[in-house]
Amino acid sequence: MYEREWPEEGELVVCTVTSVKDFVAFVTLDEYNNNEGLIPIAEVARGWIKHIRDFVREGQKVVCKVLHVNKSRGHIDLSLKDVNDHQRKEKINEWKNEQKARKWIEFISEASGFPGDEIEKIFYREYGALFPVFEDILIDEETTLKKLDLEKKVADSLVSIANDNVKLPKVTISGTLILTSNKPDGVNVIRRALRSANPKVEEDVEIELFYVGAPKYRVKVTAPDYKSAEKAINKVAKAAIGVVERADGYGEFVRKQKSGKN
């Protein structure tokens with residue numbers, strides 16, 4: 001298995017606590033060949049610490065920030081207190097995804113006969129990580145394979161594994177359409193506007209319309225990423241407003257409403 005050797009200063013790393021002394025905790029870095037690092041008591045938590053074991057214990061998984069790396073001495077200084085809850089959760093999730101990706105690479109290696117550590121090297125060289133490769137295969141297969149320049153058996157296995165195991169995250173954004181028409185057939189104008197608010201969009205983009213109360217209509221768009229979602233919701237708003245304005249009505253799209261209002 002290919003392993004990265006040294007982390008960068010300022011990087012967040014997943015560690016396993018191996019030993020806790022009175023004034024220091026020793027850990028191994030899970031992502032870096034289990035190289036040893038240490039957390040001085042002053043970097044364990046903010047404020048006064050009476051007992052270091054109140055904060056860390058043997059066998060515990062922790063997320064630390066790399067303070068200093070001395071490669072010649074094999075010395076890595078770490079901080080636990082400089083990592084907030086959000087950073088810890090994000091890093092743990094990233095680490096878990098990397099573990100899954102490493103297992104998938106084993107499957108690719110078995111299916112293609114190509115060494116797994118060589119596949120990992122290629123992924124790290126191009127992406128600096130493993131899991132994003134599988135995501136990019138689903139987003140843009142052709143460009144990703146061209147970038148990786150893999151043997152055909154490896155590429156075919158990668159595509160198959162990605163499609164079988166990876167589910168792209170979705171983002172949801174919403175806004176409010178305000179549509180009015182004073183014409184005698186104003187109701188029909190609004191209906192046409194709402195029908196046009198379902199324009200052709202990408203297959204993986206979902207559009208939902210909800211009646212809030214005249215003249216307001218909620219628009220919700222779910223897509224793989226914010227760029228696609230923004231593109232779709234703007235297209236929806238433009239189509240609906242265009243129908244109303246061509247009938248001498250009024251249309252407006254509001255992304256955020258004040259608190260307490262629809």
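By convention here, the first residue in the shown sequence is residue 1.
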Quiz item: Mind checking whether Glu120 and Arg102 have side chains closer than 4.5 Å, heavy atoms only?
Solution: yes
Self-check item: Straight-line distance of Glu118 CD to Ile105 CD1, nearest 0.5 Å
Solution: 12.0 Å
Quiz item: Going from NE2 on His68 to CD1 on Ile76, what distance comes out if it is rounded to the nearest 0.5 angstrom?
Solution: 10.0 Å
For residues 158-171, please give each side-chain donor-acceptor pair under 3.5 Å, one per line with the distance, not counting sequence neighbours.
| from | atom 1 | to | atom 2 | distance (Å) |
| --- | --- | --- | --- | --- |
| Asn163 | ND2 | Val159 | O | 2.7 |
| Asn165 | ND2 | Ile161 | O | 2.9 |
| Lys170 | NZ | Asp204 | O | 3.0 |

Quiz item: Do you reckon Ile49 sits in the same ILVMFWY cluster as Phe23, going by side-chain contacts under 4.5 Å, direct or chained?
Solution: yes
Practice problem: List the steps and the verdict of salt bridge (charged side-chain N to carboxylate O under 4.0 Å, His left out) for Asp82 and Arg46. | Solution: CA-CA 9 Å; Asp82 284 351; Arg46 300 189 183 280; 3.2 Å; yes
Quiz prompt | Residue pair Leu29 / Cys15: nearest heavy atoms and the distance that separates them | solution = CG-SG, 4.1 Å
Quiz item: Where do Ala101 and Leu130 come nearest, in terms of heavy atoms and distance?
Solution: CB-CB, 3.7 Å
Quiz prompt | Presence of salt bridge, Asp54 and Lys50, under 4.0 angstrom | solution = no
Quiz prompt | Contacts of Lys71 that satisfy salt bridge (Lys or Arg N to Asp or Glu O under 4.0 Å) - sequence neighbours left out | solution = none
Quiz item: Hey, any chance Leu80 and Leu67 share a hydrophobic cluster, counting ILVMFWY side chains that come within less than 4.5 Å of each other, even indirectly?
Solution: no
Practice problem: Show your working on side-chain contact (heavy atoms from CB on, under 4.5 Å) between Val219 and Thr176 and close with a plain yes or no. | Solution: CA-CA 6 Å; Val219 183; Thr176 301; over 6 Å; no
Quiz item: Nearest heavy-atom pair of Ala232 and Val205: which atoms, and what distance?
Solution: CB-CG1, 3.7 Å
Quiz prompt | More than 12 heavy atoms of other groups within 6.0 Å of Asn182 CG | solution = no
Quiz item: Nearest heavy-atom pair of Pro7 and Val69: which atoms, and what distance?
Solution: O-CG2, 3.7 Å
Quiz item: Side chains of Lys96 and Asn93: do they bring a donor and an acceptor to under 3.5 Å?
Solution: no
Exercise. Supply the atom-to-atom distance Ile41 CD1 to Asp22 CG, rounded to the nearest 0.5 angstrom.
Key: 8.0 Å
Quiz prompt | Side-chain hydrophobic cluster, 4.5 Å single linkage: members besides Val243 | solution = none
Quiz item: Ignoring hydrogens and geometry, is there a side-chain-to-backbone donor-acceptor pair from Asp185 to Asn188 under 3.5 Å?
Solution: no
Practice problem: Go through Phe123 and Phe131 one step at a time and tell me if the side-chain contact (heavy atoms from CB on, under 4.5 Å) criterion holds. | Solution: CA-CA 9 Å; Phe123 286 10; Phe131 188 78; over 6 Å; no
Quiz prompt | Side-chain cluster (under 4.5 Å, hydrophobic types only) that Leu38 belongs to, other residues | solution = Val24, Phe26
Quiz item: Of all residues at least two apart in sequence or in a different chain, which pass the salt bridge (Lys or Arg N to Asp or Glu O under 4.0 Å) check with Lys103?
Solution: Glu106
Self-check item: Residue pairs passing the side chain to side chain donor-acceptor pair (under 3.5 Å) test where at least one lies in residues 126-135, sequence neighbours excluded
Solution: Tyr127-Asp136
Quiz item: Going by heavy atoms in the side chains, are Asp85 and Arg88 under 4.5 Å from each other?
Solution: yes
Quiz item: CD1/Ile39 to NZ/Lys81 distance, rounded to the nearest 0.5 angstrom?
Solution: 12.0 Å
Donor-acceptor pairs under 3.5 Å, side chain of residues 56-64 to any protein atom, not counting sequence neighbours: which ones?
| from | atom 1 | to | atom 2 | distance (Å) |
| --- | --- | --- | --- | --- |
| Glu58 | OE1 | Arg53 | NH1 | 2.9 |
| Glu58 | OE2 | Val20 | N | 3.1 |
| Glu58 | OE2 | Arg53 | NH1 | 3.4 |
| Glu58 | OE2 | Arg53 | NH2 | 3.3 |
| Gln60 | OE1 | Arg57 | N | 3.1 |
| Lys61 | NZ | Thr16 | OG1 | 2.8 |
| Lys61 | NZ | Asp30 | OD2 | 2.3 |

Self-check item: Same cluster (ILVMFWY, side-chain, under 4.5 Å), Val236 and Phe210
Solution: no
Indicate every side-chain donor-acceptor pair of residues 108-115 with a distance under 3.5 Å to a residue at least two apart or in another chain.
| from | atom 1 | to | atom 2 | distance (Å) |
| --- | --- | --- | --- | --- |
| Ser109 | OG | Phe114 | O | 2.6 |
| Ser109 | OG | Gly116 | N | 3.3 |
| Ser112 | OG | Ile108 | O | 2.7 |
| Ser112 | OG | Phe114 | N | 3.2 |

Quiz prompt | Those residues that, when tested against Glu230, pass salt bridge (Lys or Arg N to Asp or Glu O under 4.0 Å) (two or more places apart) | solution = Arg255
Practice problem: Start with the C-alpha distance between Leu148 and Val154, add both sets of side-chain angles, then the distance that settles side-chain contact (heavy atoms from CB on, under 4.5 Å), and finish with yes or no. | Solution: CA-CA 10 Å; Leu148 294 171; Val154 180; over 6 Å; no
Quiz item: Any side-chain heavy atom of Lys183 sitting closer than 4.5 Å to one from Asp248?
Solution: yes
Self-check item: Val66 vs Glu8 side-chain heavy atoms within contact, under 4.5 Å
Solution: no
Practice problem: Please round to the nearest 0.5 Å and tell me the distance separating atom CD of Glu11 and atom NZ of Lys91. | Solution: 6.0 Å
Exercise. Find the distance between NZ (Lys146) and CD (Glu141) and round it off to the nearest 0.5 Å.
Key: 14.5 Å
Quiz prompt | In one Ile/Leu/Val/Met/Phe/Trp/Tyr side-chain cluster, 4.5 Å: Val83, Val13 | solution = no
Quiz item: Under a 4.5 Å cut-off applied to non-hydrogen side-chain atoms, are Val14 and Glu31 in contact?
Solution: yes
Exercise. Locate the shortest heavy-atom distance separating Ala193 from Ser196; write the atom from each residue and the value.
Key: O-OG, 2.6 Å
Quiz item: For Arg73, which residues count as a side-chain contact (heavy atoms from CB on, under 4.5 Å) partner, sequence neighbours excluded?
Solution: Asn70, His75
Self-check item: More than 12 heavy atoms of other groups within 6.0 Å of Lys238 NZ
Solution: no
Quiz item: Do the side chain of Glu206 and the main chain of Ala223 share a donor and acceptor less than 3.5 angstrom apart?
Solution: no
Quiz item: What heavy-atom pair brings Ile241 and Phe253 nearest, and what distance separates the two atoms?
Solution: CD1-N, 3.8 Å
Self-check item: Joint cluster assignment, Tyr124 & Trp95, ILVMFWY side-chain distance < 4.5 Å
Solution: no
Practice problem: Tell me, please, which residues at least two apart from Phe55 pass ring-ring contact (aromatic ring centres under 6.0 Å, His included). | Solution: none
Self-check item: Aromatic centroids of Tyr32 and Trp6 separated by under 6.0 Å
Solution: no
Exercise. Can you sort out the partners of Lys220 under salt bridge (Lys or Arg N to Asp or Glu O under 4.0 Å), two or more places apart, ordered by chain and number?
Key: Glu208
